[in-house]
Amino acid sequence: MSGPPVTISQQDWTMHLAESAREVFETMLGSSIELQGAVASPTEVTAVVGLAGVLSGNFMVRCSQRGLEKMGECMLGGPVSQAEAIDAMGEVCNMLAGSWKRRITELADGCMLSVPTVVIGSSYQVHSPDSQNLMEQQFIFGGEAVSIQLQVQK
Amino acid sequence: MRVLIVDDSSVMRKIVERSLRQAELAITKVFEAGNGSDALETLKREKVDLILSDISMPIMDGLEFVKQVAEQGIAPGVPIVMITTEGSESHVMRAIACGARGYIRKPFTPEQVKEHVAPLVAVQA
């Protein structure tokens, strides 16, 4: 996989991410979402999918513990274990990244996704080497704030 | 119909099974595997009528799994449908070239699963 690096505009990010988020949450979780402006990002749980190729960086979904549980409950249609909730959130991050990537022509074939990783805790930050910028979109899912972030490497 | 579902996510395996049942595809037995290597071992022991597989998995990914099914002559004639987030045209073509008979992009609805799977199992019957 080769090609010149791709630059993602804020417009590409915002527009396509909103479409992807609605598609994933409505199709797989049976839930609508409300986009919202910037507020403090939830940080208790972070799912990360790596991007490599013409665009390199990290695609992240962040939420609270309650948001994590809600994702699992909505995907499986009932109470879930912590392990199942973590698995569900990893899959949500994976599908969001994939759905968003497919909407940008240069990325569809030129950028691969890693398997998702989920980190749980408090008082941590996520950094990548040479990260250029951080684009973020937040929304409300089932009363819980969810943040989707893209860290792009220079 | 006996089905093998291959995905490293146990949650996704449950969702695929649920979608197959919601699509009223007369499932009688479901086998699960978390990667292509485990899936090959399952196929050596069990007869199935349909295989649904993710692409991005550890140990052995879905494309290698499909190639190995063909090369080893395991489960001859059993349709394999890929279910994956990697949905570009080139990925679809690679999957078909490896031997997959269908391709479903995540996220998906039960209706989409039925649309892709039903013709393949009807042909078998």
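Labels below follow one simple rule: chain letters A, B, ... track the order of the sequence lines, proteins then strands, and each chain is numbered from 1.
- Under a hydrophobic clustering in which Ile, Leu, Val, Met, Phe, Trp and Tyr are joined whenever their side-chain heavy atoms come within less than 4.5 Å, directly or via other members, A:I140 and A:V92 fall into different clusters.
- Counted within 6.0 Å of CD on B:E71, heavy atoms from surrounding residues, nucleotides or ligands total more than 12; the atom is thus considered enclosed.
- Between the CD atom of A:E91 and the OG atom of B:S10 there is a distance of 9.0 Å, given to the nearest 0.5 Å.
- Interatomic distance, B:K106 NZ to A:L96 CG, rounded to the nearest 0.5 Å: 12.5 Å.
- The CG atom of A:N94 sits 7.5 Å away from atom CG of B:D54, with the distance rounded to the nearest 0.5 Å.
- Proximity to chain B is limited to the side chain of A:V115, based on heavy atoms less than 4.5 angstrom apart.
- Surrounding CD of A:Q10 are more than 12 heavy atoms belonging to other residues, nucleotides or ligands, all under 6.0 Å away.
- Shortest non-hydrogen contact noted between B:V11 and A:D87 is N-OD2, 3.1 Å.
- Within the 3.5 Å criterion, the main-chain N or O of B:T85 finds a donor-acceptor partner in the side chain of A:R102.
- More than 12 heavy atoms of other residues, nucleotides or ligands lie within 6.0 Å of CE in A:M15, so this atom counts as buried by the packing criterion.
- In this structure, the side chains of A:M75 and B:R18 stay at 4.5 Å or more apart for every pair of heavy atoms.
- Hydrophobic cluster membership differs between B:M93 and A:L107, with clusters built from Ile, Leu, Val, Met, Phe, Trp and Tyr side chains linked at under 4.5 angstrom.
- By the rule that hydrophobic residues join a cluster once side-chain heavy atoms approach within less than 4.5 Å of another member, B:F31 and B:I51 end up as members of one cluster.
- Within a 6.0 Å sphere centred on NZ of B:K44, other residues, nucleotides and ligands contribute more than 12 heavy atoms.
- Most heavy-atom pairs under 4.5 Å with chain B: of the set A:M28, A:E26, A:E84, this distinction falls to A:M28.
- A:E23 touches chain B through backbone and side chain together, each having a heavy atom under 4.5 Å away.
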